[in-house]
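A short worksheet on the structure shown next.
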Protein chains: 2
Amino acid sequence: MSSGFASSALQPGQSLARGVCRHLRGHDFVSVEELVPTSGLRVDVMALGPKGEIWVIECKSSRADFQTDRKWQGYLAWCDRFFWAVDADFPVTLLPDDTGLIIADSYDAEILRLGPEQRLAPARRKMLTQKFARHAAIRAQMARDPGCVSAF
Amino acid sequence: MSSGFASSALQPGQSLARGVCRHLRGHDFVSVEELVPTSGLRVDVMALGPKGEIWVIECKSSRADFQTDRKWQGYLAWCDRFFWAVDADFPVTLLPDDTGLIIADSYDAEILRLGPEQRLAPARRKMLTQKFARHAAIRAQMARDPGCVSAF
């Protein structure tokens, strides 16, 4: 595999997340995975746009995966726009109309619907941007210096 | 090596940067390397603190490395605090008194002098925090998905 990690090693949701993050780079958005905006919530993908926009993307690999999610409405308060990312076989009519929709696979994705924008308040945007920066920097440091973990 | 990368593969300045970044984590600062705050400037280490503080650390491996640096005063406008990081053999009396000082090796570091604080204006801090976030997220994505590069 030229992509370094075999796709088969990723869980279905992580595989969608990979394609989503790749696609968003084409829109000049950078992304992190598994960020915790507040205690008890963990988003699959948080993306930061060129103007500081913050998007949250939840990746659902199956109908059951969506139907057992009791927390998604809690994510709306932590982003300017919210999206579902699902594969091409997902029954998209299950998803609420007033949310964004991305069709993805492991390699790429396509934004089908933006959904409404609800702009974050400045203080929350500032806090989330800092949290995003810290999350990303820690992961980047772990990658370039795996020994840093044992240093603490 | 348990640290993943052999220290010998790093340039002397990068080796100091690694120790600096490890040490700063102990102060709850996260770090990126080689960030460009503005065209024509590239800082060795930019660190982001728990309260949004932004520090710049320039790593100097030798007297000559310091004496040929004609740009360092330009970094002062892009951080709340500025530091030199040098190894234990560096002639520290060469360094200006009113700058921060860190003694480092590949594995750790120690802050000897904080130097003065000159707080960034809010708009510049916001811009730098976003730039830091984007820089870190791109490096983290390249690490977890090396194939993302070829996708563009």
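Each chain gets a letter, A, B and so on, in the order its sequence line appears, and its residues count up from 1. Side-chain atoms are counted along with the backbone in the values below, which use heavy atoms only and exclude waters and symmetry mates. Just so it is clear, the model here is predicted, and its values are computed rather than measured.
- In B:Glu34, the CD atom is crowded: over 12 heavy atoms of neighbouring residues, nucleotides or ligands sit closer than 6.0 Å.
- The part of B:Lys51 that comes within reach of chain A is its backbone (N, CA, C, O), which places non-hydrogen atoms under 4.5 angstrom from that chain.
- Listed here is the closest heavy atom pair of B:Arg144 and A:Cys21: NH2-SG, 3.4 Å.
- Dense packing is recorded around CD of B:Glu117, with more than 12 heavy atoms of other residues, nucleotides or ligands lying under 6.0 Å away.
- Both A:Val56 and A:Ile103 sit in one connected hydrophobic cluster of ILVMFWY residues. Membership requires side-chain heavy atoms under 4.5 Å apart, directly or through other members.
- Few gaps surround NZ on B:Lys131; more than 12 heavy atoms of other groups in view lie less than 6.0 Å from it.
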Check: Does the side chain to side chain contact (heavy atoms under 4.5 Å, CB included) test come out yes or no for B:Asp28 and A:Arg134, once each step is laid out?
Finding: CA-CA 10 Å; B:Asp28 203 16; A:Arg134 292 179 64 84; 2.5 Å; yes
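- Shown here for B:Leu48 and A:Ala133, the closest heavy-atom pair between the two residues is CD2-CB, 3.6 Å.
- Under a hydrophobic clustering in which Ile, Leu, Val, Met, Phe, Trp and Tyr are joined whenever their side-chain heavy atoms come within less than 4.5 Å, directly or via other members, A:Val30 and A:Val36 fall into different clusters.
- For the set B:Met127, B:Gln130, B:Arg139, the count of heavy-atom pairs under 4.5 angstrom toward chain A peaks at B:Gln130.
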Notebook entry, point to check: Does the pair A:Ile138 and B:Arg25 meet the rule for a side chain to side chain contact (heavy atoms under 4.5 Å, CB included), with working shown?
Noted result: CA-CA 9 Å; A:Ile138 288 169; B:Arg25 282 286 298 282; 4.1 Å; yes
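- Smallest separation of non-hydrogen atoms from B:Ala137 and A:Val32: CB-CG1, 4.3 Å.
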Notebook entry, point to check: What do the steps show when you test A:Arg22 against B:Asp145 for side chain to side chain contact (heavy atoms under 4.5 Å, CB included), and what is the final call?
Noted result: CA-CA 9 Å; A:Arg22 286 187 181 187; B:Asp145 177 19; 2.7 Å; yes
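- Taking hydrophobic clusters as Ile, Leu, Val, Met, Phe, Trp and Tyr residues chained together by side-chain heavy-atom distances below 4.5 Å, A:Val20 shares a cluster with A:Ile111.
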